[in-house]
Structure formats: C-alpha cells, structure tokens
Amino acid sequence: MDLLALKRELDGMKIEDNEKIVQQKSRDFYWYSPVLKRQLDHVTGDLIVSPKSEAEVIRVLAACHRLGIPVTPRGTGTGNYGQAMPLSGGVVLSLAEMNEIKAISPGRVVTGPGAILADIDRATRAHSSQELRIHPSTYNTASIGGFIAGGSGGVGSINFGGLRDFGNVLRLRVVTMEARPKVLELTGEDLHKVTHAYGTNGIITEVEMPLTAAYDWVDVIVGFDTFMGAARYGNALACQDGLLTKLITPIAAPVPQLYFKRHSKFFAEGQSIVAVMVAPHALDAFLAFTRREGGAVAFNAATASDDDRKGLPPAYELAWNHTTLRALRVDPSITYLQSLYPFPNHLALVEKMDGMFPGEVFSHLEFVRFDGNITCFGLNLVRFTTEERLDEIVRLFEENGCPIFNPHRYTLEEGGMKQTDDIQLAFKREADPQGLLNPGKMIAWENPDYDYRSGKTFLFKGLQKAS
Ligand SMILES: Cc1cc2nc3c(=O)[nH]c(=O)nc-3n(C[C@H](O)[C@H](O)[C@H](O)COP(=O)(O)OP(=O)(O)OC[C@H]3O[C@@H](n4cnc5c(N)ncnc54)[C@H](O)[C@@H]3O)c2cc1C
C-alpha cells in the first residue's frame, strides 16, 4: 500500500497517522462479542482521513481507487459487529466532520452523514417541534449516516417499524468508488442498495430523513412479579391504539437489580420490569391502563422527586443495546443475542425460550411494529461460556422458530439483517468495481460460492494478519 503517495495526493486534507489514535478510530463496539474480540482485536487501519465536504470525499475515493487502497467509512464507531473496522487496513474515512444540518421543513430534515442524532433532534425541535421517527439507544453519540448504513431500528420502532421499511429514509446522496467517482441521488427502491450495507456500496454524503411531532417523553418503569407478566403487559400496551408511546421494553429480573446501578433502588427483589417512554398527554390514560393490567409503577419521571431523578440516565439508555452495555460494565462475561419472535405466536415463543436457559439467558424484549403487526425482538443477555455453547443457543432459538441476527459475525449475511441479493451485488459491481469499500463484509462479493449450510463461520481471507 503506497501510503506516502496517498498522503501526497490528499495534501491539505485532515489526515491522522498516529498509531494509537488510528487504532482507537479503527474500532467499534465489536468487543461486545467474545467471538469478534478474538477475531478482530488486532485489526487497525493505516490512516484516518476526515473529509469536510463531498468534494473531499470524492478526492479520497478517486486517489484510493488509483492506488488500490481499501476505504472503510466510519461515523462515530458505535456499531456492534465490527462493521466499521478496516479488516484489510487502509483508510478509515471518518465522516464525523460532515455534520451540517442543512434544511428542516414539515416532515423532513436534510443533514450531512456525520450529524449526531441528538443534535438533529435539538435543531428540528427548536425549528418546528419535530423529531426523528426512530433512533438507536446511542442517540447521544451515533451519527445519522452510521445509523442508516449500520443500524436497524430502535426507540420509535414501536410506531414506525425499522429503517428497512419504506418511508423511514427519504433520500441519500452517495459517492461511488471509481476512477471518477459518481454522485448518486437515491430514493425509493434504490435506497435498499445502500441502507444497512455497512458502507460496502458507496459513501453516504447527505441524508434526508422523515420527521414526526416531538414530545417531552416521560420515562415510566412498571414492575411485575413475573417476567411473563411484564411481557404480556408490554404486548397489551403496544396494542393500545390510543396510547402514544415511544419505547416498550420488558426486562427479566435480576437484570434491573444487578445491572441498572442508578435505577436499582426503585425495584423490589425479583421484580421484572417494563421501561416505557410515554407522551405527556397520554400519561393519565397510560397510568389507568397500567393499573387495570396489574402493573406496579416503580418509577415515574413526571412525579419523581428532584433527588430521585438526579443522575439517572434516560429510559432509552436502559433499553435496546444499552441493556447489554450496562450488564457488561458489571459482569464482563455477559454477551447477547438478537432474535425475532415472529407474530402472531410471539408471546408463546417468548415464554418457551425464556424457560429454556435458566441462569444462562436473561430475557430482554423490545416491542416493535413489524410489517404492520405488533411483535417483539429479543436482545437477550447471555452468560458466555464457550463459542460452541453460544452457537448451540443460536441453533435452539432458530429451531424453535426465532430467527437470530447474529451479533457474533462480522459479515452482512451472517449478521442476518440483510441478505445480499442480485440487485445489490450488481450495484456493488457498479459502485465499487475493485471491491475496495469496507472489504470482507459482504460474503456474496468475496466468495459467491460460499455455502451457508456448511455451518462454518465465513473467514475473510484478506483479514489483516495480527502484528
Ligand atoms: C450501547 C449500544 C446501543 C445500541 N443501540 C442500537 C439501537 O437501538 N438500534 C440500532 O440500530 N443500533 C444500535 N446500536 C448500534 C449502533 O450504535 C447504531 O447502529 C449507530 O446508529 C451507528 O452509528 P455510528 O455513527 O456509530 O456508525 P459506525 O459504527 O461508525 O458505522 C456503522 C456502519 O456504517 C458504515 N458507515 C458509517 N458512516 C457511513 C457513511 N457516511 N456512508 C457509508 N457507510 C457508512 C460503517 O462502515 C459501518 O459499517 C447500539 C450500539 C451500542 C454500542
């Protein structure tokens, strides 16, 4: 790799080559997975390049194309699957400085890819009391470009489904990796070529996202004697058409007591919980419904004392993948699995799987709207013992009808959120003919003959050797 030539070509741009900083910026939250930690711990890029404009992105891509240097885009590196890690080294392209909020109008916002989600909401709230429809629990740190290229859904998915759904991304501007990079404006069906593609199909330089009405959401946590009580209540609440919520998260005891350090004082021993974000105008009706369903309100931000509220993280930072983060901080042997409990048997499946691994898998659900129905994902905590046992748990979930989106794999296909179809592959041939964008993440590109039924994990041949 002729990095000196690259530096000469990119003269005047912001480039970082300090080894420690480069390594730091070559990582994401891959270490959530003991499997990825073992496989990817040594991975590092060679340079961090931070373009400030689309014109600079084009310069970097053209130069790297000429010199055959891989480019791995990065928002703020909060992805979980080694998504933003440069498996073959080369340039880590940090889009963090392209964070301009460019235009806000009824139902829409246009930003640079590096804009932080919470900053977007601050601007749209101040402008016209609007907010993003969906955000990950990494709201305060993640970029919008990284969310679209690497995320799937989150807070708000109970109303709007996931990023994969039509209408949840409006338009993307994307730069291709060619001798003369093209700038494409993608809308409608074409968006699927780039959303959740880990940056393998082009660099996003501008996004247009839909907005919804903003509220000062109220955090409420409801306690139940049993986990299934919590799960059934979560489902019933999600099915209440008149109650506006943004988050419905059942979590089994003893997770809240052991791992939610700042909240644990609110929970009785053995109590399973449901963390909820509810719109202020729906609060009274929500509390009446909760009483009727036999839930005990353990915490209500609307009535809690200043002392009780002091230092508490927001409810969404107990949910989605923050549940795992909080557990990991206390017990490093914890990891997780993400599953779907398909409608309409989701509650029966939840009950079955919850009973199958006592003391080893701790249930954590996120209720969502999925293809028009209410169902739930599991982001269940797993006490890790061996990779073989983890694979066995995956197999048992799948054999019982709960697909797993495996967070212990670094490829798009094995992660399971997206299967690479012919359209995407054809688009990759156009947008990145040399396969230099985030190499190693798309099996369909690296090894079209790969046999998914082999039961073996795909190993990318270009995975940089440990130094
Ligand atoms: C505690 C925790 C909680 C989380 N909760 C959620 C959640 O609720 N929902 C959810 O979906 N995810 C969640 N995640 C995963 C992740 O935080 C989000 O998907 C986040 O939006 C990623 O944004 P980022 O800026 O950190 O992206 P990065 O990690 O930097 O990048 C993600 C992927 O996008 C690619 N990429 C980045 N920018 C661009 C660009 N401009 N053009 C093309 N490709 C690009 C990268 O190469 C990488 O493959 C969570 C992670 C953690 C650690």
Side-chain angles (χ1 to χ4, degrees), residues 25-33 45 51 54 57 61 70-87 91-99 111-118 120 132 134-157 162-164 168 172-177 186 193-207 247 249 313 316-329 336 338 366 368 377 379 405 407 410-412 415 417-418 431-432 437-442:
K25 294 249 159 120
S26 298
R27 295 185 151 178
D28 58 15
F29 281 67
Y30 73 108
W31 51 267
Y32 261 42
S33 158
E54 186 178 85
V57 170
L61 296 192
V71 174
T72 300
R74 175 187 177 87
T76 53
T78 67
N80 296 107
Y81 308 94
Q83 293 160 319
M85 293 179 72
L87 302 189
V91 165
V92 172
L93 188 70
S94 167
L95 281 309
E97 299 198 10
M98 289 175 61
N99 58 0
T111 77
I116 301 293
L117 296 153
I120 298 175
L132 291 165
I134 314 169
H135 66 75
S137 62
T138 42
Y139 182 60
N140 290 301
T141 49
S143 73
I144 185 77
F147 184 42
I148 293 167
S152 50
V155 186
S157 286
L163 282 175
R164 66 179 194 119
N168 280 336
L172 296 175
R173 250 173 104 87
V174 173
V175 179
T176 62
M177 178 74 170
L186 304 181
K193 297 169 179 170
V194 174
T195 55
H196 203 80
Y198 295 2
T200 55
N201 273 350
I203 304 298
I204 300 166
T205 53
E206 186 177 279
V207 314
L247 179 81
T249 309
Y316 63 78
E317 288 186 0
L318 303 177
W320 290 89
N321 234 330
H322 267 77
T323 316
T324 322
L325 181 62
R326 292 189 186 281
L328 261 169
R329 280 192 186 141
Y336 80 115
Q338 183 159 355
E366 295 291 346
V368 295
F377 283 115
L379 280 81
F405 309 102
Y410 56 76
T411 59
L412 272 165
M417 283 284 178
K418 186 154 197 164
D432 179 25
L437 285 179
N438 206 352
K441 305 289 166 64
M442 192 193 271

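By convention here, the first residue in the shown sequence is residue 1. Since this is a predicted model, take the numbers as computed values, not measurements. Both counts, for ligands and for their atoms, begin at 1 and track the order of listing. We use all heavy atoms of the structure for the numbers below, so side chains are in, but hydrogens, waters and symmetry mates are not.
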Considering only protein heavy atoms, which is closest to atom 27 (O) of ligand 1, and at what distance to one decimal place?
-> G146 CA, 3.2 Å
Scanning both residues in full, the closest heavy-atom pair of P73 with A84 reads O-CB, 4.0 Å
Would you kindly specify which portion of T141 sits under 4.0 Å from ligand 1, judged on non-hydrogen atoms: side chain, backbone, both or neither?
-> neither
What pair of heavy atoms forms the shortest contact from I204 to G145, and how long is it?
-> CD1-O, 4.1 Å
How about M442 and N201: do any of their side-chain heavy atoms sit closer than 4.5 Å?
-> yes
Please indicate whether any nitrogen or oxygen in P73 is less than 3.5 Å from any nitrogen or oxygen in ligand 1.
-> yes
Return yes or no for this condition: an N or O of G75 is under 3.5 Å from an N or O of ligand 1.
-> yes
Consider every N or O of A142 and every N or O of ligand 1, then say whether any pair is closer than 3.5 Å.
-> no
For atom 49 (O) of ligand 1, the closest protein heavy atom turns out to be Q83 O, 3.0 Å
Any donor and acceptor pair, going by atom type alone, linking the side chain of T138 with main-chain N or O of T141 inside 3.5 Å?
-> no
Taking the side chain as C-beta and beyond, is there a heavy-atom pair between L325 and E317 under 4.5 Å?
-> no
Without swapping roles, check the side chain of N438 against the backbone of T200 for a donor-acceptor pair under 3.5 Å.
-> no
Under 3.5 Å: donor-acceptor pair, side chain of T249, backbone of A319 | no
Grab the two heavy atoms, one from S137 and one from N321, that are nearest each other, plus how far apart they are.
-> OG-N, 3.7 Å
For A197 and ligand 1, answer yes if some heavy atom of the residue is under 4.0 Å from a ligand atom, otherwise no.
-> no
Numbered in order shown, the ligand 1 atoms found under 4.0 Å of a heavy atom of G199 are 43 (C), 44 (N)
For A149, counting its heavy atoms only, list the atoms of ligand 1 lying under 4.0 Å from any of them.
-> 34 (O), 35 (C), 36 (N), 44 (N), 45 (C)
In ligand 1, the atoms that come under 4.0 Å of a heavy atom of N438 are 47 (O), 49 (O)
Contact (N/O only, under 3.5 Å) between G77 and ligand 1 = yes
If you measure from CZ on F147 to NE2 on H135, what distance do you get to the nearest 0.5 Å?
-> 8.5 Å
Out of G151, S94, G156, G114, whose heavy atom sits nearest atom 19 (O) of ligand 1?
-> G151
Measure from the side-chain N and O atoms of D28 to the backbone N and O of G82, and report whether any donor-acceptor pair falls under 3.5 Å.
-> yes
Note: ligand 1 atoms sitting under 4.0 Å from heavy atoms of L95 are 41 (N)
Out of A115, G82, G150, G154, the nearest non-hydrogen contact to atom 33 (C) of ligand 1 is supplied by G150
CG of L437 to OG1 of T72, rounded to nearest 0.5 Å, is 8.0 Å
Strictly under 4.0 Å, does any heavy atom of T76 approach an atom of ligand 1?
-> yes
Calculate, to the nearest 0.5 Å, the distance between atoms CG and OH belonging to L117 and Y139 respectively.
-> 8.0 Å
Winner among G202, G112, G145 once heavy atoms are compared against atom 43 (C) of ligand 1 | G202
Looking at I203, which atoms of ligand 1 are within less than 4.0 Å of one of its heavy atoms?
-> 42 (N)
Just how far is it from atom NE2 of H196 to atom CG of L163, taken to the nearest 0.5 Å?
-> 9.5 Å
Heavy atom under 4.0 Å from ligand 1: found in F29's side chain, backbone, both, or neither?
-> side chain
Under 4.0 Å to a heavy atom of S137 - the qualifying atoms of ligand 1, by number = 3 (C), 4 (C), 5 (N), 6 (C), 7 (C), 8 (O)
Would you say S152 and ligand 1 have an N/O pair spaced under 3.5 Å apart?
-> yes
Measuring from M98:CE to L93:CG, what's the distance to the nearest 0.5 Å?
-> 8.5 Å
Can you name the closest pair of heavy atoms from P407 and S33 and give their distance?
-> O-CB, 3.7 Å
Return the option from I134, T72, T138 holding the heavy atom at the smallest distance from atom 18 (C) of ligand 1.
-> T138
Quick check: does S143 get an N/O under 3.5 Å from an N/O on ligand 1?
-> yes
Separation of T411 OG1 from K441 NZ (nearest 0.5 Å) = 10.0 Å
Side-chain donor/acceptor of T323 to backbone N/O of L318, under 3.5 Å | yes
Taking only heavy atoms of N80 into account, list the atoms of ligand 1 that are under 4.0 Å away from them.
-> 14 (N), 15 (C), 50 (C), 51 (C), 52 (C), 53 (C)
heavy-atom search around atom 4 (C) of ligand 1 in the protein gives N321 CB, 3.3 Å
Under a 4.0 Å heavy-atom limit, does P113 contact ligand 1 with its side chain, its backbone, both, or neither?
-> side chain
Report yes if G79 has an N/O atom closer than 3.5 Å to an N/O atom of ligand 1; otherwise report no.
-> yes
Could you establish whether Y32 and ligand 1 come within less than 4.0 Å of each other, counting only heavy atoms on the residue side?
-> yes
Looking only at protein heavy atoms, what sits closest to atom 41 (N) of ligand 1 is I204 O, 3.1 Å
Below 6.0 angstrom between ring centroids: does that apply to Y81 and Y30?
-> no
Within a distance under 4.0 Å of any heavy atom of P136, pick out the atoms of ligand 1 and give their elements.
-> 6 (C), 7 (C), 8 (O), 9 (N), 10 (C), 12 (N), 13 (C), 21 (O)
Looking only at distance, does T78 have an N or O less than 3.5 Å from an N or O of ligand 1?
-> yes
Consider every N or O of W320 and every N or O of ligand 1, then say whether any pair is closer than 3.5 Å.
-> no
Look only at interatomic distance and state if G153 has a nitrogen or oxygen under 3.5 Å from any nitrogen or oxygen of ligand 1.
-> yes
